[in-house]
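Predicted, not measured: the structure shown is a model, and the values here were computed from it. Each chain gets a letter, A, B and so on, in the order its sequence line appears, and its residues count up from 1.
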Number of protein chains: 2
Amino acid sequence: MNGLEGIAPEQEQLIQKARKRVIESIGKNMDLYGITLSHGLLYGLMFFQNKPMTLDEMGEAMEMSKTSMSTGIRSLLDLKMVNQVWEKGSRKDLYEVESDWYQTLADFFGIKWRKALEINLQSLRKSLVELQDLADRFPEDELLQTCLLTDIDKIKNALAYYKWFDKLIDSFETGEIYQFIPKEVPDK
Amino acid sequence: MNGLEGIAPEQEQLIQKARKRVIESIGKNMDLYGITLSHGLLYGLMFFQNKPMTLDEMGEAMEMSKTSMSTGIRSLLDLKMVNQVWEKGSRKDLYEVESDWYQTLADFFGIKWRKALEINLQSLRKSLVELQDLADRFPEDELLQTCLLTDIDKIKNALAYYKWFDKLIDSFETGEIYQFIPKEVPDK
DNA sequence: ACGTACGTACAGTAAAAACTTTACGATCTT
DNA sequence: AAGATCGTAAAGTTTTTACTGTACGTACGT
């Protein structure tokens, strides 16, 4: 079940070859999203599938265990790169790739980068308060003040950067970024 | 040598604690850049250092082998997150963090994401040509045409997305993005 | 209610990555 | 030129990650 049923074997092979090139290319580069190669290939496989897939179908196509498919799908779901869909009459879970890649990118930043950003912000703020506190307690200690100032300065710079970064991610989520760089229209 | 020489031990400890919190937070989240935890911690360490560091100093501070520092620095150099600096009279290599985080982010996209983008583009274009070629050779085969069209459509959509993404990265490298989202000014 | 099918938790294993030790070539000092 | 110092390549070890097979809880069909 690859959506090519009924095609002459010779032609099907050509299509498969063309697909495989894209699948492997995309799959390999998905490490940028923190996705392993095999899960990236799974994504690539599903990308060319025109129907939602079940875990069993994936396992057969990937020649891997169903368990692996389960974990792979889960990490793809976490990033909203695939969606679960429902079809009446099917007991099995069905999944398909999110076809809107702009949305996928926005989700990725919203999920992963925003979380990292918030964790870092929290640490930076807490440490900033502590250092400022220490500075306030020994206003006459020149050496201490100098040392503290450089640390505080770095933290403030980092905070400013993260504030900017936060706004950038916002623009992805709201879609304002597309006013700055409009979505491209596909050929023909 | 942590830039805190001469500070009262009690106060130094407080500063170290504040630094450590930030270092660990940043270090952990550097996996988004494809940097391992220990190399991320190395980056964090260097972030608070006010002087360029040698591999030996890093090894001592991190309690790790010099070889590890060497490889860590290399991956940070690849992403331009640290810079090599020269001081006359020193035989040892010296490194310091790139303090401009906006630049660091732009470099990251320019180096990693752009490369992935180009690889994918190449695969997509090649497969597109092959599929269009196949379509041209059997214009009367309805079933084949339908199948090919869906694949070709997907590829064209992907190409459009990557075209947009390319422009986005451009805007980081040229700095135009800051016209859309201005850099933030640090407090005080 | 019982049997069956499904997804996943869990434990074990195989593969990969991270880290250290050792060794070596290059460069500088004397 | 000999000796010392530096960075890293290479090999070996340890730790982590990826994957599989089994087992279990849940839900559905009869």
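- A donor-acceptor pair under 3.5 Å is formed between the side chain of B/W164 and the backbone N or O of A/I181.
- B/N120 and B/Y162 share a donor-acceptor pair across their side chains, judged by distance under 3.5 Å alone.
- One interatomic measurement links the two molecules: CZ of A/R74 to P of C/dC10, which rounds to 11 Å at whole-angstrom precision.
- Remark: P of C/dT8 and CE of A/M58 are 10 Å apart, rounded to the nearest angstrom.
- Here C/dC6 presents its P atom at 16 Å from CD1 of A/I73, a figure rounded to the nearest Å.
- Following rounding to the nearest Å, A/K66 (NZ) and C/dC6 (C1') show an atom-to-atom distance of 5 Å.
- One finds a side-chain N or O of A/S70 lying less than 4.0 angstrom from the OP1 or OP2 phosphate oxygen of C/dT8.
- Nucleic acid contact class of A/S38 (heavy atoms, under 4.0 Å, all strands): sugar-phosphate only.
- Checking side-chain atoms of A/S90 against main-chain N and O of A/E87 turns up no donor-acceptor pair under 3.5 Å.
- What separates CG of B/L94 from C1' of D/dG7 is a distance of 13 Å, to the nearest Å.
- Checking D/dC19, D/dT8, C/dT27 against the side-chain heavy atoms of B/R91 singles out C/dT27 as nearest.
- Side-chain N/O atoms of B/S68 include one lying less than 4.0 angstrom from OP1 or OP2 on C/dT20.
- Taking 4.0 angstrom as the limit, B/T67 places none of its side-chain polar atoms (N or O) nearer than this to OP1 or OP2 of D/dT8.
- If you take NZ of A/K92 and C1' of C/dT8, they are 15 Å apart, rounded to a whole angstrom.
- The CD1 atom of B/I35 sits 14 Å away from the C1' atom of C/dA18 (whole-angstrom rounding).
- Whole-Å rounding puts the B/D93 CG to D/dC6 C1' distance at 8 Å.
- Using modelled atom types, one side-chain atom of A/E57 and one backbone atom of A/T54 make a donor-acceptor pair closer than 3.5 Å.
- Using a 4.0 Å heavy-atom cutoff across all strands shown, B/T36 reaches sugar-phosphate atoms only and no base atom.
- Remark: side-chain polar atoms of A/K154 are paired, donor with acceptor, to backbone N or O of B/F47 under 3.5 angstrom.
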